[in-house]
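Structure first, then comments.
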Amino acid sequence: MLDITYVRQNPDEIASMLRNRQLASEEPRLQELLEYDRKRRELVQRSDEMKAQRNKVSKEIADIKRTGQGSGEELIRQMKEVSDEITTMDAALTKLETDIEEILLSLPNRLHESVPAGKCAEDNVVFKAPVSYLHLLDFPIKNHLELGKSLGILDFERGAKITGAGFPVYIGKGARLERALINFMLDYHTEHHGFTEVFPPFFVNQDSLRGTGQWPKFADQVYHIGEDNLYAIPTAEVPVTNLHRNEMIETERLPLSYVAYSACFRREAGSYGKDTRGFLRVHQFNKVEMVKFTRPEESYQELEKILMSAEAILQALMIPYRVLLLCSGDISANATKCYDIEVWSPAEEKYLEASSCSNFEDYQARRMNIRFKPDSRSKPEFVHTLNGSGLATSRLMVSLLEHYQNRDGSITIPEVLRPYTGFTSIDQITS
RNA sequence: GGAGAGGUCGCAUAGUUGGUCUAGUGCGCUCGCCUGGAAAGCGGGUAGGGUGUAACAGCCCUCGAGGGUUCGAAUCCCUCCCUCUCCGCCA
């Protein structure tokens with residue numbers, strides 16, 4: 001959420017940001033917001049004046065009653081009218097505030113100066129070219145679905161039977177490999193990158209979704225448990241960032257770095273027919289997520305560190321990837337700057353998004369009211385929040401299986417995972 | 001699921017027949033005095049948000065959250081959330 005004071009003082013900058021994000025259609029909303037804001041301040045002043053009068057006269061009434069100088073009937077009658085007016089005004093005020101909040105919650109974040117201008121995904125900038133750890137695949141290669149099936153480690157059909165399409169089942173060494181990846185990533189980030197591990201709830205309330213910005217914008221993409229009014233998390237970002245909602249963080253603890261594994265649930269409504277095969281788009285997947293809370297002046301430096309932490313996993317696994325710097329037209333509404341990490345799929349012959357590393361500056365912190373005091377005497381300021389996947393296993397699994405397949409259809413387990421899998425290869429089922 | 005108790009300004013507490021509560025006190029923190037230095041003692045300051053101002057000041061709101069009654073609510077009523085105790089059920 002943007003600071004209304006900032007919007008009021010810099011309307012042109014916000015308007016140009018909307019155009020850069022290809023959201024010029026939102027400009028009338030911005031004008032509406034400014035008008036509501038003007039009206040609200042006018043009304044607040046009048047309402048506060050009347051409240052001041054009521055407070056003052058109520059004390060006079062109390063004095064009169066206490067000293068027994070009369071009944072104060074006339075004053076009470078007058079204040080009854082004043083109170084009625086206040087009630088009317090406050091109702092109008094509440095309406096205005098609701099409207100303002102609604103617009104403010106839907107306006108996207110500002111953009112960092114380093115974000116390239118662009119209209120769509122094609123305009124994203126390749127920030128780091130693929131580093132080549134390519135294994136020699138000089139034989140007809142199988143895609144991850146064929147490998148999963150022939151090795152008996154992935155079962156999409158049974159997943160569809162017991163739940164529905166897009167809920168894969170991992171079996172045998174496949175399940176163990178998935179768990180190994182998760183454990184490896186958690187250990188790596190806690191041991192080498194200074195993150196504190198968190199195991200969060202997989203369901204959150206609506207306030208939490210609102211805090212990180214999934215609500216109201218992505219309301220239709222989140223699974224809802226109506227009975228208890230809870231939502232299945234689309235990413236661990238939601239519970240972990242909300243850990244400090246409505247808190248004043250002790251300044252000396254900043255920056256705070258958390259890493260969390262969670263299953264992630266996404267309805268993916270409206271995206272059927274596009275990249276839906278196998279793991280490319282699923283309703284439930286596993287992800288290790290990094291979340292940071294920082295002082296404003298260090299957030300961009302921390303963004304680079306998150307990116308490097310995510311890259312370190314791929315380097316250790318020796319999986320080829322590239323890093324994109326998202327352009328103004330493709331970056332998510334919450335972020336001021338975002339890097340995507342994409343892993344190469346030799347079978348699909350394209351890059352697959354495996355991580356997204358973003359700085360939200362104070363956009364989420366303002367929604368969640370997470371602050372710190374730069375020093376003991378100063379006013380509280382909002383922290384900056386950041387996050388990055390480190391990483392999502394589904395696309396990673398695609399790339400890993402495909403890269404590490406052998407001519408005979410078996411899979412060699414990457415060195416760094418062997419302590420976690422307890423085996424060095426996954427071989428063809430011999431029946 | 002049932003019954004009961006409770007949520008107050010960092011922490012602990014006072015406040016329940018509505019009006020001297022613009023929330024008292026203790027601890028903690030902090031500034032100053034005192035001291036060779038420290039402790040003790042003494043004195044002061046110790047929330048957030050809104051509005052407003054050049055900046056102050058001033059004013060408004062917040063006693064778990066949200067409504068209501070009233071001229072006036074920490075105090076009365078309603079709904080919800082959370083914590084604790086007991087009972088029941090149960091991975």
Side-chain angles (χ1 to χ4, degrees), chain A residues 1-9 33-105 199-211 215 225-231 239 242-254 263 362-383:
Chain A
M1 181 161 72
L2 296 171
D3 178 6
I4 184 66
T5 307
Y6 187 87
V7 176
R8 186 189 304 148
Q9 288 164 354
L33 174 67
L34 293 167
E35 179 59 15
Y36 288 159
D37 175 56
R38 196 188 57 71
K39 281 187 185 161
R40 185 189 73 90
R41 285 187 297 153
E42 194 182 293
L43 208 52
V44 161
Q45 283 185 49
R46 286 202 285 141
S47 170
D48 281 359
E49 268 172 38
M50 302 199 75
K51 282 175 185 166
Q53 192 198 352
R54 183 178 67 185
N55 289 341
K56 186 162 152 276
V57 177
S58 286
K59 281 199 184 83
E60 288 172 19
I61 293 171
D63 281 337
I64 289 170
K65 295 226 168 190
R66 182 153 13 87
T67 56
Q69 289 172 346
S71 63
E73 257 179 62
E74 176 59 17
L75 288 178
I76 287 175
R77 200 184 52 72
Q78 283 173 16
M79 286 309 102
K80 205 180 178 87
E81 281 172 29
V82 169
S83 271
D84 285 347
E85 278 187 65
I86 290 172
T87 303
T88 308
M89 254 190 265
D90 280 358
L93 211 48
T94 302
K95 173 79 170 70
L96 274 176
E97 278 165 357
T98 306
D99 291 345
I100 288 170
E101 166 123 335
E102 192 195 319
I103 298 178
L104 223 40
L105 281 174
F199 201 128
F202 290 1
F203 295 95
V204 294
N205 55 36
Q206 198 181 96
D207 284 342
S208 293
L209 283 181
R210 187 182 299 271
W215 194 275
I225 312 293
E227 186 79 19
D228 298 292
N229 205 21
L230 293 173
Y231 300 84
N242 275 279
L243 277 177
H244 294 293
R245 174 149 51 87
N246 286 321
E247 285 185 19
M248 190 83 76
I249 299 178
E250 292 166 57
T251 305
E252 55 275 15
R253 294 181 63 198
L254 297 173
D362 62 5
Y363 189 85
Q364 293 181 326
R366 181 170 287 106
R367 286 170 171 246
M368 284 181 287
N369 191 31
I370 303 177
R371 298 170 298 171
F372 76 106
K373 287 188 177 178
D375 64 79
S376 60
R377 299 213 167 255
S378 52
K379 296 279 272 183
E381 284 181 34
F382 291 108
V383 298

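The model shown is predicted, which means the values in this text are computed figures rather than measured ones. Proteins come first, then strands; the chains are lettered A, B, ... in the order of their sequence lines, and each starts at number 1. All values below come from the heavy atoms of this structure, side chains included, with hydrogens, waters and symmetry mates left out.
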Notebook entry, point to check: Quick one: do the E74(A) and Q78(A) side chains pair a donor with an acceptor below 3.5 Å?
Noted result: yes
Notebook entry, point to check: Within the structure shown, what part of the strands sits under 4.0 Å from K373(A) by heavy-atom distance: base, sugar-phosphate, or nothing?
Noted result: sugar-phosphate
Next item on the list: If G1(B) has a Watson-Crick or G-U wobble mate with both distances under 3.5 Å, name it; if not, just say none.
Entry: C87(B)
Item checked: Donor + acceptor pair across side chains of N205(A), S208(A) (<3.5 Å) -> yes
Checklist line | Between U35(B) and U30(B) - P atom distance, rounded Å | finding: 22 Å
Next item on the list: Could you tell me whether N55(A) contacts a base, only the sugar-phosphate backbone, or nothing, with contacts defined as non-hydrogen atoms closer than 4.0 Å?
Entry: sugar-phosphate
Margin query: Treating R38(A) as the side-chain partner and L33(A) as the backbone partner, does any N or O pair qualify as donor plus acceptor under 3.5 Å?
Written below: no
Notebook entry, point to check: Say you pick atom P in U69(B) and the same atom in A3(B); how far apart are they, in whole Å?
Noted result: 29 Å
Next item on the list: Return the 5'-most residue of the pair I4(A), L75(A) with respect to RNA chain B, ranking by each residue's nearest nucleotide.
Entry: I4(A)
Note to self: Does the structure show a Watson-Crick or G-U wobble partner for U79(B), both distances under 3.5 Å? Name it, or say none.
What the structure shows: A65(B)
Check: Who is the Watson-Crick or G-U wobble partner of A54(B), with both distances under 3.5 Å?
Finding: none
Margin query: For the C1' atoms, the ones on G52(B) and on C61(B), what distance do you get once it is rounded to whole angstrom?
Written below: 15 Å
Checklist line | Nucleotide forming a Watson-Crick or wobble pair with G10(B), both distances under 3.5 Å | finding: C27(B)
Check: With rounding to whole Å, what would you report as the distance between G15(B) and G6(B) at their C1' atoms?
Finding: 16 Å
Margin query: Please find the pair of heavy atoms, one from I370(A) and one from H244(A), that lie closest to each other, and give the distance.
Written below: CG1-O, 3.2 Å
Next item on the list: Using a heavy-atom cut-off of under 4.0 Å over every strand shown, decide if R77(A) touches base, sugar-phosphate, or nothing.
Entry: nothing
Notebook entry, point to check: What does R40(A) touch in the nucleic acid at a heavy-atom separation under 4.0 angstrom: a base, only the sugar-phosphate, or nothing?
Noted result: sugar-phosphate
Item checked: Nearest-Å distance once atom C1' is located in both G32(B) and U20(B) -> 32 Å
Next item on the list: Could you tell me which nucleotide pairs with G72(B) by Watson-Crick or G-U wobble geometry, both distances under 3.5 Å, or answer none if nothing does?
Entry: none
Notebook entry, point to check: Base, sugar-phosphate, or nothing: which does K65(A) touch, judged by heavy atoms less than 4.0 Å apart?
Noted result: base
Margin query: Using the P atom as the point on both nucleotides, what is the distance between C86(B) and C27(B), in whole Å?
Written below: 35 Å
Item checked: Gap in Å between the two P atoms, one belonging to A39(B) and one to C29(B), rounded -> 11 Å
Next item on the list: Grab the two heavy atoms, one from R8(A) and one from L34(A), that are nearest each other, plus how far apart they are.
Entry: CA-CD2, 3.9 Å
Margin query: Restricting to non-hydrogen atoms, name the atom on I100(A) and the atom on R40(A) that form the minimum distance, rounded to 0.1 Å.
Written below: CD1-CD, 3.7 Å
Note to self: Which is more 5' along RNA chain B, the nucleotide nearest R8(A) or the one nearest Q53(A)? Just name the residue.
What the structure shows: R8(A)
Notebook entry, point to check: Going 5' to 3' along RNA chain B, which nucleotides are the first and last within contact of chain A (any atom under 4.0 Å from a heavy atom)?
Noted result: G19(B) to G72(B)
Margin query: Let's test this: given Watson-Crick or G-U wobble pairing with both distances under 3.5 Å, identify the partner of G36(B).
Written below: none
Item checked: Distance, C1' atom - from A65(B) to U83(B), rounded to whole angstrom -> 15 Å
Checklist line | Short N-O contact, K59(A) and D63(A), less than 4.0 angstrom | finding: no
Margin query: I'd like to know if the side chain of D3(A) reaches the main chain of T5(A), judged simply by a donor and an acceptor atom lying under 3.5 Å from each other, with no hydrogens or angles considered.
Written below: yes
Margin query: For U22(B), give the paired nucleotide (Watson-Crick: N1-N3 plus N6-O4 or O6-N4; G-U: N1-O2 and O6-N3; both under 3.5 Å), or none.
Written below: none
